[in-house]
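The figures that follow rest on heavy atoms only: side chains count, while hydrogens, waters and symmetry mates do not. We count ligands from 1, going down the list as the structure has it; atoms in each ligand are counted the same way.
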Amino acid sequence: MSKQDLRGAALITGASSGIGATYADRLARAGHDLVLVARDAARLEALAAKLKAATGVKIDIVAADLTDRTDLAKVEARLADDASIDILINNAGAALAGSFAEQDVERVENMIQLNVVSVTRLAHAAAKAFAARDRGAIVNISSVVGLAPELQSVVYGATKAYVTYFTQALRQQLSPGVQLQAVLPGATRTEIWDRSGGGGADKLDPNMLMEVDDLVDAALAGFRQGELVTIPSLPDPVDFAAYDAARAKLLPNLSRNRPAERYRAGAPA
Ligand code: NAP
């Protein structure tokens, strides 16, 4: 996969379809053994059989619902105990169509469990294990939606803003031997568009829709270049650097011992 020539196994969540299944294909072809995680064991078995036949790598499957604490703990334990795993692709995720007030709040909570809680707990298990060996990589699949409240994907977008922030902040703490990457796909042709209840990807403007092979190949190119944040569709990385620089300019004034002039008594209303 390589920035630091990682040769170990990769654990991929959400490997039964879409972006996760494509990572599985690319990493198997690059010679990595795999641990594939998702709920649908039959799909994982079929993918594992195909990739084993094509590449000869070793592939285990773990059928797990990552919103279920017992199942999640099983995957955390695998990351903690299996020293052959060098790479976590923290990819499983779900979206939910419709306006916030109209969404089923149980499904909203389930999405937060999957997109935020499971991503955090799996990254925690991996960070601890990888930091102890001072090697490894954690790739968190976020979304451009987390940069754009205008898109009105209220909770899904917030979960993805979390994933990007989480990755950037973790970079400040984790030893440089452990590589981190947040991948921010734009609209990508996968099942998520059907599963979310918003209609399939075919309803989208084709000029805004990336094929999943292109998305994963670009994400892997960003990984090899050592990027912390990869936005596969962004033509000029200077634009994201400028965005980040504007945010960093706020830093010296975000916490001070007195309110800004405009909030003091006597300030114009
Ligand atoms: P997808 O084809 O629907 O894949 C989602 C994967 O997550 C499936 O393998 C699914 O497998 C698994 N999954 C769902 N719920 C799960 C649960 N409770 N426990 C364990 N696994 C679960 O969609 P995708 O587009 O590839 O999504 C992958 C990631 O990309 C997500 O984090 C998504 O937010 C992100 N993303 C996608 C797009 C896009 O336009 N496609 C854009 C930005 C970001 P099972 O059903 O077998 O469990």
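Among all non-hydrogen protein atoms, the one lying nearest atom 3 (O) of ligand 1 is Arg195 NE, 2.9 Å. Remark: minimum distance from atom 37 (C) of ligand 1 to any protein heavy atom is reached at Ile19 CD1, 3.9 Å. When hydrogens are left out, the protein atom nearest atom 24 (P) of ligand 1 is Thr190 OG1, 3.4 Å; that is the closest non-hydrogen contact. Regarding atom 14 (C) of ligand 1, its nearest protein heavy-atom neighbour is Arg39 NH2, 3.4 Å. With respect to atom 1 (P) of ligand 1, the closest heavy atom belonging to the protein is Ser17 OG, 3.5 Å. For atom 19 (N) of ligand 1, the nearest non-hydrogen atom of the protein is Leu66 N, 2.9 Å. The protein heavy-atom contact nearest to atom 12 (C) of ligand 1 is Gly14 CA, 3.6 Å. Atom 34 (O) of ligand 1 has its closest protein heavy atom at Tyr156 OH, 2.6 Å.
In this structure, Ser118 falls outside the shell of residues with a heavy atom less than 4.0 angstrom from ligand 1. In this structure, Arg43 falls outside the shell of residues with a heavy atom less than 4.0 angstrom from ligand 1.
Selection from Ala201, Gly186, Ala187 by nearest heavy atom to atom 38 (C) of ligand 1 gives Gly186. Among Gly93, Gly18, Ala15, the residue whose heavy atom lies closest to atom 5 (C) of ligand 1 is Gly93.
Side-chain polar atoms of Thr120 and Tyr162 form a donor-acceptor pair below 3.5 angstrom. A donor-acceptor contact closer than 3.5 angstrom is absent between the side chains of Glu102 and Ser99. Between the side chains of Thr167 and Gln181, no donor N or O sits under 3.5 Å from an acceptor N or O. Remark: the Ser16 side chain and the Asp40 side chain contain no N/O donor-acceptor pair separated by less than 3.5 Å. One side chain, Ser175 or Asp134, offers a donor N or O that lies under 3.5 Å from an acceptor on the other.
Distance check: Ser142 OG to Ile231 CD1 gives 9.0 Å after rounding to the nearest 0.5 Å. Atom NZ in Lys203 sits 14.0 Å away from atom CG in Leu209 (nearest 0.5 Å). Atoms CD and CG, from Glu76 and Leu11 in turn, are 11.5 Å apart once rounded to the nearest 0.5 Å. Atom-to-atom distance recorded for Tyr156:OH and Met111:CE is 9.0 Å, nearest 0.5 angstrom.
Between Asp217 and Arg26, at least one side-chain nitrogen of the basic residue sits less than 4.0 Å from a carboxylate oxygen of the acidic one, meeting the salt-bridge criterion. Salt-bridge formation is not detected for the pair Asp25/Lys50: no Lys NZ or Arg NE/NH1/NH2 atom is positioned less than 4.0 Å from an Asp or Glu carboxylate oxygen.
The ligand atoms of ligand 1 that sit less than 4.0 angstrom from a heavy atom of Asp40 are 47 (O). Heavy-atom contacts of Asp65 reach the following atoms of ligand 1: 17 (C), 18 (N), 19 (N) (cutoff under 4.0 Å). Heavy-atom contacts of Trp193 reach the following atoms of ligand 1: 39 (C), 40 (O), 41 (N) (cutoff under 4.0 Å). For ligand 1, the atoms closer than 4.0 angstrom to any heavy atom of Ala64 are 19 (N), 20 (C). Annotation for ligand 1: atoms under 4.0 Å from non-hydrogen atoms of Ala92 are 7 (O), 21 (N), 32 (O). Interface of Thr67 with ligand 1, defined as ligand atoms under 4.0 Å from a residue heavy atom, comprises 18 (N).
Proximity of Ser142 to ligand 1, defined as any heavy-atom pair under 4.0 Å, is confined to the backbone N, CA, C and O atoms. The parts of Asn91 lying near ligand 1 are both backbone and side chain, judged by heavy-atom distances below 4.0 Å. Proximity of Lys160 to ligand 1, defined as any heavy-atom pair under 4.0 Å, is confined to the side chain (atoms from C-beta onward). With a heavy-atom cut-off of 4.0 Å, Glu191 touches ligand 1 through backbone and side chain alike.
Linking Ile, Leu, Val, Met, Phe, Trp and Tyr whenever their side-chain heavy atoms come within less than 4.5 Å puts Leu184 and Val154 in one cluster. Tyr243 and Tyr165 are members of different hydrophobic clusters when ILVMFWY side chains are connected at heavy-atom separations under 4.5 Å.
Looking at Ala38 next to ligand 1, no N or O pair under 3.5 Å apart turns up. For ligand 1, the polar-atom distance check against Leu114 finds no nitrogen or oxygen pair separated by under 3.5 Å.
Inter-residue side-chain proximity for Val35 and Ile12 is flagged as unmet; no heavy-atom pair is nearer than 4.5 Å.
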